[in-house]
Asks: 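Quick one: the structure is below, and I'll ask about it shortly.
Remember, it's 1-based here, ligands and their atoms both numbered in the order they're listed.
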Amino acid sequence: QAKNSDRNCYRFFSEEMNRQAADQILLANALKEAIRTDQLYLVYQPQVHAATGRLEGVEALARWTDPALGMISPGRFIPVAEETGQIEAIGLWSLRAACRQMAIWMRARIEIPVVSVNISALHFRNPDLPRLIGDILNASGIPPQRLTIELTESAMIENYEQTLVAAQAIRAMGIGLSMDDFGTGFSSLSNLANLPLNELKIDRSFMDGFEPTGKVHSVVTAIIRIGRSLGMTVVAEGVETQAQLDLLRQINCDVIQGYFFSRPLGVQDLEAWLHARPDTGCSQPGSQHDAA
Ligand code: C2E
Ligand code: MG
Ligand code: MG
Ligand code: MG
């Protein structure tokens with residue numbers, strides 16, 4: 001009897017696993033086609049200076065709508081792309097698209113200081129990465145100061161030496177380097193101290209339970225102090241409320257990104273969003289100047 005149910009159990013798991021594997025293969029093939037036929041596109045989320053409300057930059061985020069499968073979130077397709085190796089093609093595609101867009105903004109005199117692009121930690125193991133980034137940058141004609149690379153760690157940094165070499169080469173070109181999703185998953189304090197980062201992004205999970213004097217508040221305060229003492233710009237992501245913004249200002253967080261200011265937007269919507277703000281950018285919701 002027990003044996004029988006064990007076997008059923010085993011069969012259940014193996015069917016579930018087969019179904020998942022088939023799902024992944026389906027997704028991986030569709031993704032390959034999407035990259036080939038240019039079905040991916042970027043949306044851009046504003047990053048706002050906490051103290052002044054000035055626009056500091058935008059983060060480029062990949063979107064995919066498959067004709068048959070519909071909208072597929074990066075939370076689903078990025079892990080698949082990392083498993084199949086397609087993450088490198090996505091990273092380079094995102095870089096090209098974001099640099100091209102920045103060149104268009106610059107020609108149109110639309111004042112967006114920096115565009116940030118997510119590059120998987122797995123991609124950093126490829127010794128060609130810095131040269132490829134340099135080629136894309138040169139082809140777009142934008143100055144390196146206008147580009148930041150977000151090192152996105154959904155996987156452990158396995159080849160740390162190679163990551164360090166790539167990071168140094170990227171910084172030597174004058175491109176920004178940001179540690180994404182800091183404080184959860186695989187990002188560690190030793191990476192923070194040793195990699196040539198100029199920006200630190202606090203993972204948005206810290207915004208849950210972020211209240212005055214709570215434990216999360218202590219941790220976020222400490223992260224901001226560490227980042228700033230290492231000379232980095234500290235960005236809080238996932239900021240949704242005025243209360244979170246006010247607390248982050250009190251503890252000297254430099255830059256705010258989140259739904260409170262704006263969701264990630266397509267190019268036209270972003271330009272409309274920019275247009276709707278006054279030149280100073282100071283009358284955004286919650287700006288310090290409002291209270292004065
Ligand atoms: P991420 O780089 O940490 O990007 C921030 C994510 O938080 C985005 O999710 C954004 O839409 C979401 N977000 C921003 N503000 C808020 C907020 O106030 N509240 C909430 N609940 N969420 C907020 P998205 O666009 O779904 O992207 C998920 C992840 O996928 C990204 O996390 C990034 O790691 C990865 N990703 C996206 N595009 C690319 C890409 O082109 N290349 C690589 N390698 N990874 C990418
Ligand atoms: Mg990011
Ligand atoms: Mg992030
Ligand atoms: Mg995140």
Side-chain angles (χ1 to χ4, degrees), residues 31 34-35 38-48 57-65 71-101 114-126 129 132-133 136 147-155 157 176-187 197 199-210 223 227 233-245 248 253 255-266 269-270 273 285-286:
L31 184 56
I35 296 168
D38 220 22
Q39 278 169 35
L40 299 179
Y41 59 99
L42 292 178
V43 288
Y44 299 89
Q45 187 172 34
Q47 300 174 322
V48 173
V58 292
E59 179 177 8
L61 294 155
R63 293 291 179 266
W64 174 26
T65 307
M71 261 279 263
I72 300 156
S73 74
R76 264 187 86 200
F77 72 79
I78 296 294
V80 171
E82 289 190 322
E83 256 177 63
T84 57
Q86 295 173 97
I87 197 64
E88 299 205 3
I90 291 178
L92 297 178
W93 174 86
S94 292
L95 270 167
R96 259 182 224 111
C99 289
R100 238 183 251 147
Q101 186 58 55
V114 179
V115 65
S116 295
V117 177
N118 292 285
I119 296 293
S120 165
L122 295 175
H123 203 164
F124 271 74
R125 296 188 305 191
N126 182 342
L129 179 67
L132 292 168
I133 293 174
I136 290 169
L147 176 65
T148 286
I149 302 294
E150 291 191 9
L151 173 55
T152 300
E153 278 186 279
S154 50
I157 293 186
L177 186 66
S178 178
M179 171 67 79
D180 203 357
D181 300 339
F182 184 77
T184 57
F186 299 104
S187 58
L197 302 158
E199 185 181 277
L200 174 62
K201 297 187 78 173
I202 303 173
D203 192 76
R204 85 176 134 89
S205 60
F206 287 102
M207 290 301 106
D208 297 334
F210 181 54
I223 294 175
T233 299
V234 181
V235 182
E237 59 177 25
V239 178
E240 296 183 352
T241 68
Q242 177 78 58
Q244 290 168 342
L245 174 64
L248 287 162
C253 186
V255 177
I256 308 293
Q257 181 180 345
Y259 296 168
F260 181 72
F261 283 109
S262 173
R263 294 191 171 246
L265 301 170
D269 288 341
L270 178 69
W273 182 86

Asks: Below 4.0 angstrom from a heavy atom of A62, which ligand 1 atoms are there? Numbered from 1 as shown, please.
Replies: 37 (C), 38 (N), 41 (O)
Asks: Show your working on side-chain hydrogen bond (donor to acceptor under 3.5 Å, both in side chains) between Q45 and Q257 and close with a plain yes or no.
Replies: CA-CA 7 Å; Q45 187 172 34; Q257 181 180 345; 2.8 Å; yes
Asks: Give a yes/no answer: is there an N/O/S atom of T152 under 2.8 Å from the Mg ion (ligand 2)?
Replies: no
Asks: So do the side chains of N126 and E88 get within less than 4.5 Å of each other, counting heavy atoms only?
Replies: yes
Asks: Looking at E150, which of its N, O or S atoms is the nearest one to the Mg ion (ligand 2)?
Replies: OE1
Asks: Side-chain contact, heavy-atom cut-off 4.5 Å: I119 with F124?
Replies: yes
Asks: What atoms of ligand 1 come within less than 4.0 Å of a heavy atom belonging to D181?
Replies: 3 (O)
Asks: Evaluate the side-chain proximity of I35 to Q86: yes if any heavy-atom separation is below 4.5 Å, no if none is.
Replies: yes
Asks: Answer with yes or no whether G91 contacts ligand 1, where contact means a heavy atom under 4.0 Å from a ligand atom.
Replies: no
Asks: Suppose I only count heavy atoms of S120 and a 4.0 Å limit; which atoms of ligand 1 are within that range?
Replies: 44 (N)
Asks: Do any nitrogen or oxygen atoms of I87 come within less than 3.5 Å of a nitrogen or oxygen of ligand 1?
Replies: no
Asks: Just wondering, do Y44 and P264 contact through their side chains at under 4.5 Å, heavy atoms?
Replies: no
Asks: Check each of F77, Y259, W64 against atom 22 (N) of ligand 1 and report the one with the nearest heavy atom.
Replies: Y259
Asks: Pick one of side chain, backbone, both or neither for how K201 approaches ligand 1, counting any non-hydrogen atom pair under 4.0 Å.
Replies: neither
Asks: Counting only heavy atoms closer than 4.0 Å, does ligand 1 sit against the backbone of Q45, its side chain, both, or neither?
Replies: side chain
Asks: May I ask you to decide if T241's main-chain N or O and Q244's side chain share a donor-acceptor pair within less than 3.5 Å?
Replies: yes
Asks: Heavy atom of H123 under 4.0 Å from ligand 1?
Replies: no
Asks: Please assess E150 against S178 for the test side-chain hydrogen bond (donor to acceptor under 3.5 Å, both in side chains), listing each intermediate value before the final yes or no.
Replies: CA-CA 5 Å; E150 291 191 9; S178 178; 4.9 Å; no
Asks: Considering only heavy atoms of P264, which atoms of ligand 1 have at least one such atom less than 4.0 Å away?
Replies: 11 (O)
Asks: Using a strict cut-off of 4.0 Å, indicate which atoms of ligand 1 neighbour a heavy atom of G258.
Replies: 15 (N), 18 (O)
Asks: Hey, does R204 come in under 3.5 Å of ligand 1, counting only N/O atoms on both sides?
Replies: yes
Asks: With the side chain counted from C-beta on, respond yes when L265 and V58 share a heavy-atom pair under 4.5 Å apart, and no when they do not.
Replies: no
Asks: Please find out if the Mg ion (ligand 3) and some N, O or S atom of D180 are separated by less than 2.8 Å.
Replies: yes
Asks: For ligand 1, note which part of L42 has a heavy atom under 4.0 Å away: side chain, backbone, both or neither.
Replies: neither
Asks: To the nearest 10°, what's the angle at the Mg ion (ligand 3) between atoms OD1 (D181) and OE2 (E237)?
Replies: 70°
Asks: For ligand 1, which is the ligand I care about here, please tell me if T152 has any N or O atom under 3.5 Å from one of the ligand's N or O atoms.
Replies: no
Asks: Within the 4.0 Å heavy-atom shell around E240, which atoms of ligand 1 are there?
Replies: 17 (C), 18 (O), 19 (N), 20 (C), 21 (N)
Asks: Side chain, backbone, both or neither: which applies to R63 and ligand 1 if a contact is any heavy-atom pair less than 4.0 Å apart?
Replies: side chain
Asks: Restricting to N/O/S, name the atom of E59 that gets closest to the Mg ion (ligand 2).
Replies: OE2
Asks: I need the atoms of ligand 1 closer than 4.0 Å to a non-hydrogen atom of E237, numbered in the order shown.
Replies: 3 (O)
Asks: I want to check something: taking the side chain as every heavy atom from C-beta on, are R204 and D181 in contact at a cut-off of under 4.5 Å?
Replies: no
Asks: Do you know the tightest heavy-atom contact between A236 and L248?
Replies: CB-CD1, 3.7 Å
Asks: Should E59 and Q47 count as side-chain neighbours, where that means a heavy-atom distance under 4.5 Å?
Replies: yes
